[in-house]
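To find a chain, count down the sequence lines: A is the first, B the second, and so on, and within it residues start at 1.
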Protein chains: 4
Amino acid sequence: MLAMSRRRTPLPPDRRRQLLLEAATWVFARKGYRAAAVSDIILRAEVARGTFYLYFASKQAVFLAVVQAFHDRIRQELQAMDAAPPGDAAGLKARLRDGVARWLRFFAEHRDETRVILREASSIDPRFEKGYAELRQTAVSHFAARYRRLQAARLVRGTLSPDLLAHLLLGMFDELLNAFVLSDPAADIEALAAELADFEWNGIAPDVEDRTRGPERTAP
Amino acid sequence: MLAMSRRRTPLPPDRRRQLLLEAATWVFARKGYRAAAVSDIILRAEVARGTFYLYFASKQAVFLAVVQAFHDRIRQELQAMDAAPPGDAAGLKARLRDGVARWLRFFAEHRDETRVILREASSIDPRFEKGYAELRQTAVSHFAARYRRLQAARLVRGTLSPDLLAHLLLGMFDELLNAFVLSDPAADIEALAAELADFEWNGIAPDVEDRTRGPERTAP
Amino acid sequence: MLAMSRRRTPLPPDRRRQLLLEAATWVFARKGYRAAAVSDIILRAEVARGTFYLYFASKQAVFLAVVQAFHDRIRQELQAMDAAPPGDAAGLKARLRDGVARWLRFFAEHRDETRVILREASSIDPRFEKGYAELRQTAVSHFAARYRRLQAARLVRGTLSPDLLAHLLLGMFDELLNAFVLSDPAADIEALAAELADFEWNGIAPDVEDRTRGPERTAP
Amino acid sequence: MLAMSRRRTPLPPDRRRQLLLEAATWVFARKGYRAAAVSDIILRAEVARGTFYLYFASKQAVFLAVVQAFHDRIRQELQAMDAAPPGDAAGLKARLRDGVARWLRFFAEHRDETRVILREASSIDPRFEKGYAELRQTAVSHFAARYRRLQAARLVRGTLSPDLLAHLLLGMFDELLNAFVLSDPAADIEALAAELADFEWNGIAPDVEDRTRGPERTAP
DNA sequence: GATGAATGAGAGTTCATTCAT
DNA sequence: TATGAATGAACTCTCATTCAT
């Protein structure tokens, strides 16, 4: 009569796992991997200590799960972006801008996970580095491929290395994300993207004589 | 086997402190602040536990010392770069390239410290964030000022935001550093810098008609 | 040899806390606050290191708990003693004696706690001094008030300072406690109390003829 | 020319030892045995770490030396008091008062050492208990002997136990010392001693008319 | 499934003591 | 005789993990 309760409503395992994953994401995002304690996670998930270990083998395991879930989301997004048609020079700069804005928005909407991925995965524990390196490589390859296509279509200078361009793009993107977007929810993403695209465009624009008619204009 | 150890090699305090600082840098670079243990540091420095605390009040204190020492070096370097004369458009791109190369080389030569700065400072522990933010801001201001001067001299497009440009430059720089230079001692820094400068130049080059006479100038 | 230990005996939290409190009291009583190690406490309580910190936030915290628990007991006892009726001169000396005996017995029954209170609180660490000073003051006030009542009833000389008397009484009491009661479980508390009360009442002045009718009697 | 100095003026060993002893007394008095660090002592004595161990084998050893030095002083004082002539009842109470005052003054003048003796020696570390117990016993014996002499001279009631009286006296004395004298340099020692002596002599029994011929007067 | 009391290795830090100079 | 850099055992406290219920 006293002991009658204590045990919690059993939940469908998938649901409970999901709750734990969300709690973990929230905690990792705010404290980082090492400072985050299992105690923090179970406190937020409102489950008992033991319950946590029913769903994840270790603290490391949840972190991996959190990271991988987000990696998957990013890869999805990456593939979704391939849907857009190549178009011609006329709309290219606008499309570059929209692409950047879309990415910035995506990460802004997943601030928490982004913090984890960018801060933790890029280091501290070598065990988590591999997954991040792979994701990064995927992104680089993706953008490099895009540059390559644009070069083939003569929409981008042919003398530039597509791989290196991809890296430079990622670098600029990271910086905007860290310096403006993640730290300020009210950041003007469209403006940032426009500036990046403008810079990117005039940097990658094909050679001079074509340019006299400028990229914005449609060729006659 | 037992007696062989238990060294006792008194060293001038400055020397010992330096050795500890180097050991700490090495450890922090590889493990990050939280994962790094004082045990790791004394193991590498080959001193007893107590010796460490003879020179640094706490783990936090060594970390700060490591970071500040490097921050100071960077600020020195930053000021040293102001010495270079402005020059004209003809040599600008080459100078941009050389500047980037110089920086890459500087960080490549301080691989360990760089890892600490880039990984920890970008955070995890809010106590260390401030110093990094300030340094970053110093760098941004520095480059923004340079862009402003170049704009005044009509060597850079006036429509670009100098501050944002500075951020983009830093982002690209970080990426090259992380993706190529820090991970590969044999990275071709000159080539990387040349590509970055090429990209940067064509992005920031003043408007078109001037460009026909532009720095590269096609031979007639 | 290895497997034999590693018990794991979950207990109701209140019970475990109590056990730890008792172990801590025992240890503090014998070693004093500073010399007592958490290791000593867990060894005696037969729990793991972590278990201790499950119930007390710090070594300081257990000590405070031990001290406060005992302070509370003493204050209770102090109030309980006010129940006794004032009575007349005839029974006063007997009542003084009984009061002292009761106190001695009380402390004899709480030997361990008493050692902690009397040794630590009287100092070493200023953080713990306040509580002791307050308790002591409570006791002084209590006894001073009693002397004042007795003076009003003309049962005690009016020229004496009640406060100072209270201090002197406490001093004698402490001494009996330390010199006889705490160190010897078989001490004859009744006899000690009788002697103290006799002295308290009559002082050391020789029996003059008037006094043969002694203090118990009222002068005719 | 740089290394010429560092070594300090060699001092006569006895003098240096004395300086260290004084520094140690000062430190122990303020921090207690455990909290006091050898560092504190050498800092105050302005000698190097190793020098300390040239004069004392260990921290424990200095403490013992400090304690014994003071014990010796006390025993000297104790013997000095035996010089006073017994006198008759007329001046006895005044002599009791003066004796108490003299002791209070003695300890007030050696506040530092007194703190060490009373706080540390009365415990914490069983190693130091013996010396204190012996000193205390010496004092008890001394005062008990005096009471015995006074009883023989019929100046003190014969029914009282001299030993117990000695303890009670010591207890009251300790209390005045702790509660008033040690904590307040401006304490009115004469008044305290007068009250103690008055109480010691007369107890708390009300003034009966017979007593008006009381102890101060010589019986007719 | 779910609980939470219990565990213990290991973290950062202190300090009495030693000994090469 | 005097120095002070060096030592390492011992301390308090943390937290990922286990398991009896």
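Going from atom CZ of C:F28 over to atom C1' of F:dT12 covers 12 Å, rounded to whole Å. In this structure, B:K59 places its NZ atom 15 Å from P of E:dT14, rounding to the nearest Å. Between the CG atom of B:L43 and the P atom of F:dG8 there is a distance of 13 Å, rounded to whole Å. The interatomic distance linking A:I42 (CD1) with F:dT18 (C1') rounds to 13 Å, in whole Å. The distance between atom CG of C:L11 and atom P of F:dC19, rounded to the nearest whole Å, is 19 Å. Whole-Å rounding puts the C:D40 CG to F:dT12 C1' distance at 13 Å. What separates CZ of A:F63 from P of F:dT17 is a distance of 14 Å, to the nearest Å. Per the geometry, CG belonging to C:L19 stands 13 Å off C1' belonging to E:dA5, to the nearest Å.
Both C:A37 and B:Y55 lie close to DNA chain F; mapped to their nearest nucleotides by heavy-atom distance, the more 5′-ward contact belongs to B:Y55. Between C:F52 and D:S39, the residue whose closest nucleotide on DNA chain E is further toward the 5' end is C:F52. Both C:P10 and B:Y53 lie near DNA chain E, and the one whose nearest nucleotide falls closer to the 5' end is C:P10. Comparing D:L54 and A:A36 by the nucleotide of DNA chain F whose heavy atom lies nearest to each, the residue mapping closer to the 5' end is D:L54.
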> Please walk me through it: do D:L20 and D:F56 pass side chain to side chain contact (heavy atoms under 4.5 Å, CB included)?
Replying inline: CA-CA 9 Å; D:L20 277 165; D:F56 298 99; 3.8 Å; yes
>> Between A:D14 and A:Q18, does the side chain to side chain contact (heavy atoms under 4.5 Å, CB included) criterion hold? Intermediate values first, please.
In response: CA-CA 6 Å; A:D14 280 3; A:Q18 186 54 31; over 6 Å; no
> Run the side chain to side chain contact (heavy atoms under 4.5 Å, CB included) check on B:Y33 and A:R34 step by step: do they pass?
Replying inline: CA-CA 10 Å; B:Y33 177 71; A:R34 291 206 69 107; over 6 Å; no
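Taking only side-chain nitrogens and oxygens, A:T51 comes nearer than 4.0 Å to OP1 or OP2 of E:dT3.
Counting only distance, with no hydrogens or angles, the side chain of B:R111 and the backbone of B:L182 share a donor-acceptor pair below 3.5 Å.
Of the N and O atoms on the side chains of D:R16 and D:T51, not one donor lies less than 3.5 Å from an acceptor on the other residue.
Under 3.5 Å, the side chain of B:R49 and the base of E:dT13 form at least one donor-acceptor pair of N or O atoms. Counting distance only, with no hydrogens placed and no angle test, the side-chain atoms of D:R16 and the base atoms of F:dT1 include no donor-acceptor pair under 3.5 Å.
If you run side chain to side chain donor-acceptor pair (under 3.5 Å) between D:R30 and each of D:D40, D:D112, D:T25, only D:D112 comes through.
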> So what's the dot-bracket for DNA chain F: Watson-Crick or G-U pairs under 3.5 Å, [ ] if a pair crosses, | if it pairs off-strand?
Replying inline: .||||||||||||||||||||
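Within the 4.5 Å cutoff, no side-chain heavy atoms of B:Y55 are placed close to those of B:L21.
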